[in-house]
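To start, the structure itself, in structure tokens.
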Amino acid sequence: MSTPVAEQTQTSKIAPLTSLHAWKALEAHAQQVRGLHLRRLFADDPKRGERMTAEAAGLFLDYSKNRITDETLRLLLELAQESGLKQRIEAMFSGEKINITEKRAVLHVALRAPRSESILVDGENVVPQVHEVLDKMTAFSNRVRSGEWTGHTGKPIRNVVNIGIGGSDLGPVMAYEALRHYSRRDLNFRFVSNVDGTDFAEAVHDFEPDETLFIVSSKTFTTLETMTNAHTARTWLLKGIGGHQSSVAKHFVAVSTNAEEVTKFGIDTANMFGFWDWVGGRYSMDSAIGLSTMLAIGPDNFRAMLEGFHAIDEHFRTAPFERNLPVLLGLLSIWYTDFFDAQTVAILPYEQYLKRFPAYLQQLTMESNGKHVTLSGNTVDYETGPIYWGEPGTNGQHSFYQLIHQGTRLIPCDFLAFAKALNPLGRHHDMLLANVFAQTEALAFGKTPEQVKAEGTPDWLVPHRVFEGNRPSNTILADELTPAALGKLVALYEHCVFTQGTIWQVNSFDQWGVELGKALAQKIIPELESETEPELAHDSSTNNLIRRYRKQKE
Ligand code: F6P
């Protein structure tokens with residue numbers, strides 16, 4: 001049997017990462033650069049702050065405050081070439097089945113392709129299907145938003161509850177929060193994900209069932225948390241509406257790839273919005289999984305968001321790597337992860353509306369590149385996906401920034417900011433942006449013992465007040481947080497993840513690591529629920545915890 005093209009692209013043509021010429025050169029180069037201070041790099045090159053920048057589709061990236069020289073960049077770009085990044089990008093965009101462990105194409109880029117484009121999967125152009133679903137979402141959203149779609153008792157929908165988890169929740173929540181400024185304020189949006197009953201109870205506690213629409217969002221429609229919450233929602237609805245089964249059709253819609261399970265749940269497939277196995281959960285916020293987003297911000301804004309995504313897709317596919325924002329971001333994170341032992345990346349949006357953006361990026365980055373086996377099945381001998389985390393500025397400054405400035409760990413940071421405020425209030429925005437610039441300056445340049453002493457600090461206090469500096473950061477600046485800008489930012493990180501995964505030679509599109517816990521939970525559930533004392537065959541700790549819980553809950 002011949003090896004599929006996608007497998008060949010990744011597994012046979014590319015030599016192991018650590019044997020690549022650029023990798024070896026970077027190892028040697030890192031030794032020389034490690035001692036260099038950003039103070040020196042900026043002093044030696046007065047134009048560095050202007051030179052080491054790149055711009056695409058209105059996103060401006062300043063990467064000058066990184067511990068790199070022109071040689072570092074040259075070698076990182078060589079690493080991208082040697083790793084076959086260009087070919088791999090083409091393989092993704094042309095619908096090759098690059099998700100080899102699940103034998104699937106990876107085509108979230110098709111979700112935002114214009115109608116006129118053609119992207120083939122197994123010989124079929126998928127773009128018309130994408131637009132068919134978008135049109136169906138549009139018609140539905142217009143009916144709900146206009147009040148034409150009514151609930152069982154004839155009242156218009158006032159509350160929308162998205163039930164989903166992982167990619168079927170994080171994208172919708174993040175996008176709703178991010179684009180709240182553009183959302184219909186007379187509609188309430190809530191998101192239920194956790195199987196902890198509190199999540200559902202709190203989400204609906206002040207809602208009237210006959211004004212509430214549930215969107216059950218699940219690619220597989222079998223996920224334990226989502227199906228449990230969906231059944232609870234149906235019970236809540238029926239109880240509140242007098243048990244009329246027919247009300248389910250008016251109050252439940254589904255977003256899924258699994259029509260069979262949707263039908264089994266009792267949702268008419270006429271009220272189902274589909275997507276495809278070539279859309280990964282964490283890459284799906286711009287598919288029908290974004291139905292709650294469209295209901296909130298309206299179809300036109302949703303399409304503007306898709307255009308933003310598409311602009312960065314085009315940039316990623318066509319821009320030379322040295323000016324390619326996702327490629328640069330990806331390479332810089334590899335530089336710190338693999339050559340500076342950095343374990344995390346902090347995402348610091350200076351935009352309150354992006355408060356869920358770090359949480360969203362956690363799944364995107366860590367479920368994608370939290371892998372220790374290469375596409376050829378070998379265990380890596382280098383570090384892969386770093387931990388992504390963060391909080392919106394300026395709040396983080398008053399909590400964990402201390403560690404970033406003066407701790408023992410190197411934490412590369414991405415600062416995100418917008419030139420225009422969506423809520424311009426007095427001097428707030430200038431203060432906010434002053435903090436962005438101040439933080440990146442402080443991190444890079446710090447404060448020397450001489451400077452501290454010159455301020456009259458007593459000698460004993462000097463070491464405590466010194467800032468070493470040399471702490472790297474990127475600054476991403478855009479004009480204003482619009483739906484299109486959000487699309488651009490998400491696509492930027494999606495393709496950054498792609499760049500990383502390609503170089504690390506891992507499959508960024510599967511998530512086998514979540515399976516074991518799911519399977520064990522299925523085994524433990526009946527052990528917790530059984531009327532009689534179950535026979536337990538776990539380890540002594542798990543057995544003991546189960547017995548203790550059974551006793552305590554009585
Ligand atoms: O458990 C992980 C995961 O499979 C994610 O990849 C996915 O986003 C999430 O569960 C939800 O899956 P589904 O949309 O099929 O309910």
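We count ligands from 1, going down the list as the structure has it; atoms in each ligand are counted the same way. Worth saying up front: this structure is predicted, and the values here are computed from it rather than measured.
If you check the side chains of Asp313 and His108, you find no donor sitting under 3.5 Å from an acceptor. Under 3.5 Å, the side chains of Thr198 and Asp196 contain a donor-acceptor pair of N or O atoms.
A cation-pi geometry, defined here as NZ or CZ lying under 6.0 Å from the six-membered ring centre and within 45° of its normal, holds between Arg234 and Phe265.
Contact annotation: the side chain of Phe309 approaches that of Val490 to within less than 4.5 Å [non-hydrogen atoms, C-beta and beyond].
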Could you go step by step and tell me if Asn162 and Tyr176 meet the side chain to side chain donor-acceptor pair (under 3.5 Å) rule? CA-CA 11 Å; Asn162 185 75; Tyr176 171 67; over 6 Å; no

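The aromatic rings of Phe498 and Phe316 sit perpendicular to each other, their planes meeting at more than 60°, with 30° as the lower class boundary.
At a heavy-atom cutoff of 4.0 Å, ligand 1 is surrounded by Ile165, Gly166, Gly167, Ser168, Ser218, Lys219, Thr220, Thr223, Gly281, Gln363, Glu367, Gln511, Val514, Lys518.
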